[in-house]
Amino acid sequence: MNQANRNDPRYIRLLAGKIAEQARFLGPLTLMHVCGTHEHTIVSSGMRSLLPDTIRLVSGPGCPVCITPKEDIERMIHLARSGLTVTTFGDMMRIPSDSGSLADAKAKGADVRIVYGIANALSIAHEEHREVVHFGIGFETTVPTSSVALASEPDNLSIYSVHRTIPEALDFLLSNSLAVDGFVDPGHVSTIIGSNAYAFISERYGVPQVVAGFEPGDVMLSVLMLLEQRAEGRAEVENEYVRAVRPEGNVKARTLIDETFRQVDAKWRALPVIPKSGLAIASKYREWDAVHRHRDVLESFSYTPREEDSACRCKDILLGACSPQDCPLFRRACTPDAPVGPCMVSVEGTCYISYKYG
Amino acid sequence: MMCLAIPGKIIERDGNEGVVDYDGARIKVRLDLVDADVGDYVIVHTGFAIDTLSEEDALESIELWRQIGELQDESGQSQ
């Protein structure tokens, strides 16, 4: 395969032809990716229109902001209202909870700041001598950046971890009989955890997987590789993104994650509790765990779960069970300027991407 | 939080901090998670280099992203 032509329209058409050829001998298949950046590539390149009708390429729960539970957002709002400085990625600011969003809290005077990464939060804590709580969201790509901060034992900074892990989510989806015939695994999560991390899933469920890069040619080739596995009766983890992903991942980052975090059962917004899919801060670093450090403030927090807006289909969209166009609110009552569900707020959300680039 | 798929080149390093160049745009990055030095190409996520790429793969990827950018400019889309 001539990699230099990865995005050449002729190469993409060649792949589309090979995909169509394979698909003729296979029944209808559903392939799922779990990455906002993959969805962006798929939508902005118009890739779905190049796939045969029998091949569904759907988006799963790969938007970290979208799957962060409302209760945790409300806890962060509570911390911010108590006078602490809260730092968060920009995407999270406008995500609605029953008590409004972090942006609403900021408008009412709370000190909530958008940061590009946790290094900015460290600077605020250090230079302004303020007590900072960083909202630690994200999958394994972001987790080691939190680990670096924890390991530096910073002054004035703690992390409220809602970090989540991808392989445990894939395992959960399949164990709950989600009909997926192959996974396109996320490229940059895999640079950290390595392609080996998904092997147990293929072994347990007989489902093929391909770790994919982010260029249109990467994703198309990954779809073809999945179909080839299906056609040959194989169920393995293959690596399309060899230029960046190693079987063992980034060992330095993995070692830091193991030292600073421990696996816990965790809730995902719109999904139930997924066993071992969350990362809580290890007891050795308890001093920098916002849940422990600000336990006095959090003691006065109470939460009564409310049903999500019944018309919003974010839950089904996060499971790949429907597309944004199937939601009655999409483009009508729900737009990026006035979003109803998290999938329309985040730049990684399936609805936002479809609205902007579809 | 979106993944930035385009590799950048480390042009300065001071301990665990460095500067990465993206076709003239320069950003500060932390280098705690990689064994990389000035001249190496890295993938950056939320201000941290998370992976290194060979120069050959990096230059090819940069070129391909540039082409995608140009194609999208021509079709009137802005990304």
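All heavy atoms count here, side chains included; hydrogens, waters and symmetry mates do not.
Each of Asp35(B), Asp32(B), Val34(B) was checked for a side-chain contact (heavy atoms from CB on, under 4.5 Å) with Lys252(A), and the lone residue meeting it is Asp35(B). Among the candidates Arg246(A), Arg243(A), His188(A), the single residue satisfying the side-chain contact (heavy atoms from CB on, under 4.5 Å) test with Asp51(B) is Arg246(A).
The shortest heavy-atom contact between Leu122(A) and Arg30(B) is CD1-NH1, 4.3 Å.
Using a 4.5 Å cut-off between heavy atoms, Ile50(B) touches chain A through backbone and side chain atoms alike.
Looking at residues two or more places apart in sequence or on another chain, you find a side-chain contact (heavy atoms from CB on, under 4.5 Å) between Asn196(A) and Pro247(A).
Looking only at heavy-atom pairs under 4.5 Å with chain B, the residue among Val245(A), Thr141(A), Ile118(A) that has the most is Thr141(A).
Distance check, rounded to the nearest 0.5 Å: CG of Leu64(B) to CZ of Phe214(A) gives 15.0 Å. Note that OH of Tyr116(A) and OG1 of Thr46(B) are 7.0 Å apart. Values are rounded to the nearest 0.5 Å.
No donor-acceptor contact under 3.5 angstrom links the side chains of Thr145(A) and His45(B), judged on distance only.
For Glu259(A), the CD atom counts as densely surrounded, since its 6.0 Å shell holds more than 12 non-hydrogen atoms of other residues, nucleotides or ligands.
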